[in-house]
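This report refers to the structure that appears directly beneath it.
Order of appearance sets the numbers: ligands from 1, and atoms from 1 within every ligand. Nothing fancy with the numbering, it's 1 onward along the sequence.
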Amino acid sequence: MVQRKKIMGALVTATVLMSLVAGCGAKTAEPTTASTAPQATKAADAPAKAGDGKVVVGFSQIGAESGWRGAETQSIQDTAKADPTIDLKFSDAQQKQENQIKAIRSFIAQKVDVIAMAPVVETGWEAVLKEAKDAKIPVILVDRGVDKKNEDLYTSFIGSDFIVEGQNAAKAMAEHLGDKGNIVELEGTVGASAATDRKKGFDDEMKNHPNIKIVKSQSGDFNRATGKQVMEAILKSPEGKDIQGVYAHNDDMALGAIQAIEEAGKKPGSDVKIVSIDGIKEAFEAVKAGKLNTVVECNPLLGPQLFQAAKDLKAGKQLPKWIKSNEDVFTGQKAIDALPNRKY
Ligand code: GZL
């Protein structure tokens, strides 16, 4: 009889131990994709693992519209993977604001420690940011901002000064044009803070260069194919007959425009000077090839700063309202010299 009791006791202990191990194993950060089927979203709404000491961060990414965006996603995922104290729940919105809002609601339902997001546009966030505030979950904005009137609904913005980037682009363009000529502006996604402020900074600086005219300004939505299509159409239009420069809000649109200019029988980088923003490797290679003139850097490697900020918040520390990226401007030989060390 005693023997049977001992065997039963051992079996019960083993069963309990097995369930604990399985529970721990389940703690790996399963990426949620809020834009997946509802049942997946329901599963993703399960509360985040409480009490395991990890910092649970829900990140709503815009999508994959540019090389820069891909580099940012890589930085965030690699940093989380390398840090055992971080549990990242990643959602790709495929460029749709409604998917970002769904993802944020899912993170709130999961009771994550911190919500982070790259808002595709500046407006339309008030309701969901209020829900996060009511749920006492801090929000960190990454690489793009929201309407100033919602400033009290997020804790910190990690990203660049787009107005300065626009100003630097304008100074470089004026230099390349000898302070006179007609230019085309390829704008980023309509309503995105990066596009609005890069345009503002550029236009502000251009007030100091009255002999440079922006003859056409149109959105290429921050992606290469659209940038090329827009540039092709402009080159065929009356305004496109006499263009000396192109200012692109990001490298992907600049690289699309370069293709369009070459197909129109002109030499990008000499007949038409090109200035763009981001600093992806392909843009540096285009400078080396003499097809692009100045790259204004915008740092996408924000993973380390994001997760340090999340840990600081969980530890009860205060964050600055704006954690600003340090960036440089690369023209000619300086870009060529920097190329071997570029990380994205
Ligand atoms: C800038 C970021 C912009 C990049 C583009 O912080 O929001 O979005 O400049 C990207 O390449 O699409």
### Task
Measure Asp143 to ligand 1 on non-hydrogen atoms and call it side chain, backbone, both or neither using the 4.0 Å cut-off.
both
### Those atoms of ligand 1 less than 4.0 Å from some heavy atom in Ser66
5 (C), 10 (C), 11 (O), 12 (O)
### Query
Short list, please: which atoms of ligand 1 are under 4.0 Å from a heavy atom of Glu65?
8 (O), 10 (C), 12 (O)
### Query
Roughly how far, to the nearest 0.5 Å, is the CD1 atom of Ile115 from the CD1 atom of Ile108?
4.5 Å
### Message
Please list, in number order, the atoms of ligand 1 under 4.0 Å from a heavy atom of Arg69.
### Response
2 (C), 3 (C), 7 (O), 8 (O), 10 (C)
### Query
Using heavy atoms and a threshold below 4.0 Å, how should the contact between Arg198 and ligand 1 be classified: side chain, backbone, both, or neither?
side chain
### Query
Which residue holds the protein heavy atom closest to atom 8 (O) of ligand 1, what is that atom called, and what is the gap in Å?
Arg144 NH2, 2.8 Å
### Query
Between the side chains of Ser237 and Lys216, is a donor N or O closer than 3.5 angstrom to an acceptor N or O?
no
### Query
Would you call Arg198 and Cys298 a side-chain contact if the rule is heavy atoms closer than 4.5 Å?
yes
#### Entry: Heavy atoms of other groups near Lys228 NZ, more than 12 under 6.0 Å
yes
### Message
Is the ring pair Phe202/Tyr247 parallel, tilted or perpendicular, if the boundaries are 30 and 60 degrees?
### Response
parallel
### Task
Answer yes or no: is there a side-chain heavy-atom contact under 4.5 Å between Glu151 and Lys148?
yes
### Task
Return the residue, atom name and 0.1 Å-rounded distance of the protein heavy atom closest to atom 4 (C) of ligand 1.
Asp278 OD1, 3.4 Å
### Rounded distance (nearest 0.5 Å) linking atom OG of Ser106 with atom CD1 of Ile101
13.5 Å
### Task
Can you sort out which atoms of ligand 1 are near Phe222, meaning under 4.0 Å from one of its heavy atoms?
5 (C), 12 (O)
### N or O pair under 3.5 Å between His249 and ligand 1
no
